[in-house]
Structure formats: C-alpha cells, structure tokens
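I have placed the structure first, in the form of structure tokens, so that the comments after it can refer back to it.
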Protein chains: 2
Amino acid sequence: MNNVTQLSPVKIRSHHAFQTQHKKTNSNDSLLHRGDFLYRMGDKLKGIYVVNAGAIKLFRITETGDEHITAFLMPGDIVGLDALEDGYSRSTAVALDTTCVSLTTIENVLKGGGGISSAELIQRMGSTLNRDNDLIMILSQRTAERRLAWFLVDFSDRLAARGISPAEFTLPMSRTDLAVFLGLALETVCRELARFRESGLIDINRRRFYLLDIEGLRQTSSGCDEIAPKTVTCGVKRAAAGGYA
Amino acid sequence: MNNVTQLSPVKIRSHHAFQTQHKKTNSNDSLLHRGDFLYRMGDKLKGIYVVNAGAIKLFRITETGDEHITAFLMPGDIVGLDALEDGYSRSTAVALDTTCVSLTTIENVLKGGGGISSAELIQRMGSTLNRDNDLIMILSQRTAERRLAWFLVDFSDRLAARGISPAEFTLPMSRTDLAVFLGLALETVCRELARFRESGLIDINRRRFYLLDIEGLRQTSSGCDEIAPKTVTCGVKRAAAGGYA
DNA sequence: CGCGTTTTTGATCTAACTCAAGCTTTGTGG
DNA sequence: CCACAAAGCTTGAGTTAGATCAAAAACGCG
C-alpha cells in the first residue's frame, strides 16, 4: 500500500469523490459529506471550527502507519484545537456523516466580536484538556470492559447535554473505529459488547444502541462494579511524592 | 485505609510536615518542598502557575481509589490548566522536589499586562493538548517497551529544549510513579528498563539515567524498531469514514 | 442475486499482570 | 557510629486478559 511518510492521498471509499475541499455555503460555513476531510495532518488551519451538525473523527497516523483516533466530535464541539500550538494541525479531521462546521479565525477570537471570545476559547480548551485526561485515565488501565462502558456512558452523557435521547442512539462510527479509539482489538470490542448485551446492560442492532441500564454501565466504567471490591484496596494507595533526589 | 470519596488527608512522608499551604516569597511566587501540595482535586484555583524550578506531579484519584498520574511538569511548564473549565481543579498537584512556581490570575491573562497573554495561554494550551494526544497514542497501544522508550525520549527532549543535558539526568519520580503514569505494573517497568540496559540503549543507577543510544530509543518508541517490520503492513491501513448511517 | 464490507464467534498464543521473595538505599534512634 | 526499620528497587514463577489468526454469518449495494 502507500508508504508511511506519505501524508496525503489515503484510499477513500469508492463512491465518494476524494476531496479535501468542501462546499462553502457562506464565508464561514462549510458542508462536508461522509469521508470528506476538513483538514489533514500538517495543514495550516485558518482558525477553529465549531461543529453545527454531524460528526467528526480526529485521528493521527503513526510512524508505523497505524491510524489512531483521538476524538469523536459532535455538534457544539470545537475542531482545530490541535493547530493552536503553531498554526499547523497535528491531526486529520474527517466527517463521519454529513457535517456542517463554521470557522472563526484566531484573530477574531483575540480581537473579540467574532463567534468565540478568548475567555470562552480558554474555557473550552480547559474542558477539552479535562476530557483528554479522562481518556488517558481510561486507557491506562487496561480492562476492555471498563473502556467500553466508559465510552458508552460518555457518549450518552454528551448526547444528554445536547438534549438528545441518551438511552437510544445510532453511533456514527464503525466497530473498528471504536476499537482504534479505545486501544482494543476489533474482536474484543464485539465480544465485550456481546457480554454487555447478555448481562442486560444494553441492546444492540448494528450501530443502533439501547442503553438499558445506564447506572450499571456507569458502575462498570468506574470499576466500582458488582459487590465487594476484589481486593479490599479501595483506599488511597499512595499519595505523597516518594523517594529521594 | 482511607475511604475513597475522601479527598483530603492522604498520608505523607513522616519527616515533612503536612501542608497544602506553602511559603510565599512574594505576592505571586510560592516555594514548595517535596511532598507539598500546590493544590488538590476540587480546590478553587486563583489562576495558573508557571514552574520556575523543580518538578510537579499531576494526578487524580479514581472512584476505585487508584492514583493516576496525568503529567510530570518541569520548569517552564504551566500548572493549573485543569481548572480553566470552571475554576475548580480536576487534579492534584504535588511537588516532587523543591519547587518554585509563580501565579498569574486569569483576570490578568485576559486583561493583558500580567505574566502571560491570552494568545500565549491559548498557544500553550494547544501545546498541552498535543502532548496529551501523544500520550493517548502511546497508551492505546499496549507494549511496555514502546511506552517506556517514549517516556525516556520525551523526557530527554524536554530537557534538551531547556538547554539541559538530554543524555544524562536524574528522574524526579519513583519507579512506581513511572508505572502509574505509563499504565504499567511496577515490575514491568523495572524489567523493561533492565532490558534496555542489556541492549546497551541506556545505563541506569537508581534514578540516574544515561541515554547511550537516543536514536535507538526513538526507533523503539516509534515502533519502527529493528529491521523489516514484522508484517509488511507499514502502509496506511484504513483512512476513510467507514460504514453507514 | 452475488460480491464486498462489517460484524460476530471460536481457538490459540503471548505480553503483561500478580504474587512472592530478596536486595539496596535511606533515615532513625540507641 | 552502628543496627534496625522502612521504602524503593530488582528478579523469578505462574496466571490471565486480550491479541491474533481463522472462518462464518449478516447486511447493503450494484
């Protein structure tokens, strides 16, 4: 296939024309279809985008050629934060669905009067950092069960925050995407979902999900699942800075 | 031991008085000793801090009582970003060493004239987000070898960026901290370090590290290690948004 | 209606975890 | 100053969760 160091043309679904460009509805808004790129690793971004509708997948390609997904964004989320360090994006943003985004340039943010103020951007970035830290915590303890439960609960919470039914939804991404995002094998995702279904926590039909017991999922995701914690070690384990200089 | 939901008093090393408070050298600067907290989960922060000297460990306690370290900060780094969402910190910051920090309030950031401008803060946060994404990528592929190599190379690079010898340094944190940060078992960290030493990549004496072959470590961390990639799959594996709505 | 993609399920293998024990360094008190 | 305690580090043996390999079933599309 393509070589590793190559950033650009990545094979894309046959029935969609390959395009980084996208339809402009007005100066600041863009409409993307499934598979369209909003921007790619290395692109110089014009500013930050707010997702108005649809869904965006953010990912990077590693030196070994593996894709890794860093976030799934939904309406209200901001895209393009990864370019704020130096103007050049570190990741690729692709639409998972028909998606509408609107642009605000950094100049407008700093100047004020644009769509987003400095204070607001700082707050939103703080929120993104906190979410990333949540993800880091989930990824660093390696049980598939907790990762998946966390994902479902998190997705559900985000829907709820947007006034959308949190117990019944259609995921915009494939099982493979889910696996990549959670750092699991595709098969593990399927198996674990099957187990959730067997335990009556959820019901699934392809990408349609029904969360039957959100609290149960939340318990599972926090690890305070079931009865009696396996090893009584439910206390703070270590806290101070140990060691010597 | 202590209960989970309890935020506060966590046992601390015997010979240091327990204190969240810290010596004030002037209105904006604080001096902390090893084990002192700069702030804790849930505290309302007065602003953001720049580390002038020393080292800070940032961590959270999960519902299950496990500590998880989200970052190690060194001079020049900003602490307190986790409170920018709503003013309350999501994590605990503790000094690993004698550490000096200086405070800039958010009001001063937004108003300008303080130590840090809005534009600068936004850029620094962008940089932090990118670093977090690097960590996310490392954590989601579960080989201990790569995680550890990445850590060493990253630490070395950060030292180099500060004009400090990148090939010879003393880590401020324990093996346990390293393990927690990288999502590995303590024993795995030791073993993997031993393997690095045997391969001649590094030399170690307690917390004193000598990177003998930084490029080798970088290779290991990127996974493009050794000769011929195991499965020829060095191309872009998947790229487009798959599936159906 | 057949083909390609996605999802599911099964069997085996392995990297990392857990438990366990010994060793080293640092700090404490007689 | 030396012995002892405590914390940190290292190494060994056995177990296990999840990866990998393999194949089949479900669904969508032309």
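Since the structure is predicted, the reported quantities are computational estimates derived from the model, not experimental observations. To find a chain, count down the sequence lines: A is the first, B the second, and so on, and within it residues start at 1.
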With a 3.5 Å cut-off and heavy atoms only, can you find an N or O donor on one side and an acceptor on the other between the side chain of [X] and the base of [N]?
| X | N | answer |
| --- | --- | --- |
| A:Arg208 | C:dT7 | no |
| A:Arg191 | C:dG10 | yes |
| A:Glu187 | D:dC21 | yes |
| B:Arg195 | D:dT11 | no |

Interatomic distance, [X] [atom1] vs [N] [atom2] [rounded to whole Å]:
| X | N | atom1 | atom2 | answer |
| --- | --- | --- | --- | --- |
| A:Arg34 | C:dT6 | CZ | P | 10 Å |
| A:Gln141 | C:dT18 | CD | C1' | 17 Å |
| B:Arg175 | C:dC17 | CZ | P | 16 Å |
| A:Glu145 | D:dA19 | CD | C1' | 18 Å |
| B:Arg207 | D:dT10 | CZ | C1' | 15 Å |
| A:Leu148 | D:dG18 | CG | C1' | 13 Å |
| A:Asp177 | C:dT5 | CG | C1' | 14 Å |
| A:Ile204 | C:dT8 | CD1 | C1' | 11 Å |

Side-chain donor or acceptor of [X] paired with backbone N/O of [Y] under 3.5 Å:
| X | Y | value |
| --- | --- | --- |
| B:Ser156 | B:Pro166 | yes |
| A:Arg60 | A:Met41 | no |
| A:Arg147 | A:Leu182 | yes |

Which part of the nucleic acid, if any, lies within reach of A:Ala185 when heavy atoms closer than 4.0 Å are counted: base, sugar-phosphate only, or nothing?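 Contact class for A:Ala185: base.
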
OP1, OP2 of D:dC27 versus side-chain N and O of A:Arg206: anything below 4.0 Å? no

Taking the nucleotide of DNA chain D with the closest heavy atom to each, which residue, A:Leu184 or A:Asn205, is nearer the 5' end?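 Nearest nucleotide further toward 5': that of A:Leu184.
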
Do the charged groups of A:Lys57 and A:Glu67 touch, with an N to O distance under 4.0 Å?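 Salt bridge between A:Lys57 and A:Glu67, a charged N being under 4.0 Å from a carboxylate O: yes.
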
Over 60° means perpendicular and under 30° means parallel, so tell me whether B:Phe181 and B:Trp150 are parallel, tilted or perpendicular.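 Ring orientation of B:Phe181 relative to B:Trp150: parallel.
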
